[in-house]
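Only one structure is covered here, and it is reproduced in the block below.
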Amino acid sequence: MSSFPPHLPPPTCSVPQHREWQRIKVILLASFFGIGAGVVGAAIFLGWIWTGQGVSGGWLVTGRANSPSTALTSQNYVAGQMSDSIFTIYSRALTLGSATTVSPADEVAPAVAVLSSGWLLATLPEFNGQFKNWVIAGDTGILYKATNVLYDKRSGLAYIKITAAEPSTAINQAELKVVAFSSGANVNDPVFVNVNGLWQGSTVIGEAPLSNAGHLDSAPALGVVLDGVFPNGAPVADS
C-alpha cells in the first residue's frame, strides 16, 4: 500500500513540468491539425482553382494548366473557344433565289454572347434606334434577328435580344455559349483582338479611364490600351 495520500502527487513528480507537458501536447495537436488543414487547402487551391478546373461557363480565363504556350497555338486556342460566342450584326439580309445571305458591306458591328438566353453585347456609337431589319450571323451559319435592343447613349453599349430568323430552326431553343468578362488586364499580358472575323495578337500597354462612362451597370469605367490600332468595339480575349 502506498504511503502517500491519493490526492497528492508522488514526491518524484514535478507539477510545473507536468503542466508544461500538457501544454506541449495541446500545442502539438493543434499544430498537427493546422498543418493538415493548410496542406489540404493548398492542394485544393493549386489543383482546382489555380489550374482552372473548377471554373465553368467562362471563356476569358488565364492560368489554365492546359493553356497553350506559343503565340500561334494560343491564337488558335482562343479562336476555337470563342468561335460560337462571336457574332456579326448586319443592317439587312440579301435574298439570292431561295437562299438568305449577308454582305460584308452591310456589317454594323461585332457582338459577343453575354447571356445564354439569347442576349448579345455590342458597341454601337451611332445607333439610330432602327434594328428591325438587322440580321445577326455566327460561325454556325445560323441567321438570327433582333427582337429588342437596350441602348446606352453615353457608353455606346447595346444589349441585343436575338432569336433565330427561322422559327423552325432547332437552334432557336438552344442556349448560347456566353463569354465571361475579365475584371482587368496586366501590362504586357498577351491578348487577341477579333477584327473582321480573324483573331490578331496584341499586348496590353495599360489602362485608361473612360470619360463617357454610361448609365448601364455593366458600362466599363476603364479602357484597355493595346499595342496596335483596332476598330472601336472589337472583341478582345485574353490567352
Side-chain angles (χ1 to χ4, degrees), residues 45-89 107-116 119-127 138-139 151-160 176-239:
F45 179 80
L46 295 175
W48 184 64
I49 299 175
W50 183 255
T51 60
Q53 299 303 316
V55 180
S56 62
W59 299 101
L60 298 185
V61 294
T62 57
R64 287 184 178 271
N66 59 348
S67 59
S69 56
T70 66
L72 180 59
T73 53
S74 294
Q75 183 171 334
N76 293 335
Y77 176 77
V78 168
Q81 293 295 327
M82 299 285 291
S83 61
D84 50 357
S85 300
I86 301 293
F87 295 82
T88 304
I89 304 171
E107 181 176 338
V108 176
V112 294
V114 292
L115 286 176
S116 60
W119 285 89
L120 308 181
L121 179 64
T123 300
L124 303 173
E126 300 178 358
F127 178 58
D139 283 353
Y151 182 65
D152 182 57
K153 292 183 179 179
R154 217 183 256 186
S155 64
L157 292 178
Y159 283 94
I160 305 161
L176 300 179
K177 189 174 79 173
V178 302
V179 301
F181 293 108
S182 299
S183 58
N186 298 321
V187 176
N188 296 325
D189 275 357
V191 295
F192 300 93
V193 187
N194 188 280
V195 180
N196 297 325
L198 300 176
W199 291 95
Q200 302 179 16
S202 183
T203 305
V204 176
I205 296 178
E207 293 181 337
L210 299 180
S211 58
N212 59 340
H215 295 139
L216 294 175
D217 292 338
S218 57
L222 288 175
V224 178
V225 182
L226 302 181
D227 181 15
V229 179
F230 302 99
N232 184 29
V236 179
D238 61 23
S239 58

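As a basis for the values below, the full set of heavy atoms in this structure was taken, side chains included, without hydrogen atoms, waters or symmetry mates. On a predicted model such as this, the values are computed, not experimentally measured, just so you know.
Here Asn188 contributes atom CG and Ile205 contributes atom CD1; the two are 9.0 Å apart, rounded to the nearest 0.5 Å. Of the inter-residue distances, the one linking Asn186 atom CG with Asp238 atom CG reads 10.0 Å to the nearest 0.5 angstrom. From Ser83, atom OG reaches atom CG of Asp139 across 5.5 Å, with rounding to the nearest 0.5 Å. The CZ atom of Phe87 lies 13.0 Å from the CG atom of Leu121; values are rounded to the nearest 0.5 Å. Atom CG of Asp189 sits about 9.0 Å away from atom OG1 of Thr203, to the nearest 0.5 Å.
Taking all atoms of both residues into account, the shortest heavy-atom contact from Tyr151 to Pro125 is OH-O, 3.5 Å. Here the shortest heavy-atom pairing between Pro110 and Gly233 reads CG-O, 3.7 Å. Annotation for Val178 and Val114: closest pair CG1-C, 3.6 Å, computed over non-hydrogen atoms.
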(message) Before you tell me yes or no, could you show the steps for Met82 and Phe192 under side-chain contact (heavy atoms from CB on, under 4.5 Å), namely the whole-Å CA-CA distance, both residues' side-chain angles and the distance that decides it to 0.1 Å?
(response) CA-CA 11 Å; Met82 299 285 291; Phe192 300 93; over 6 Å; no
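Formation of a donor-acceptor pair under 3.5 Å by the Gln75 side chain with backbone atoms of Trp199 is found in this model. With hydrogens and angles ignored, the 3.5 Å screen pairs a side-chain donor or acceptor of Ser85 with a backbone N or O of Lys177.
Residues Leu120 and Val112 are not in side-chain contact: their nearest non-hydrogen atoms beyond the backbone lie 4.5 Å or more apart. Between Asn194 and Val78, the closest side-chain pair of non-hydrogen atoms is not below 4.5 Å. Side-chain contact between Leu226 and Val204: present, with at least one pair of heavy atoms (C-beta onward) separated by less than 4.5 Å.
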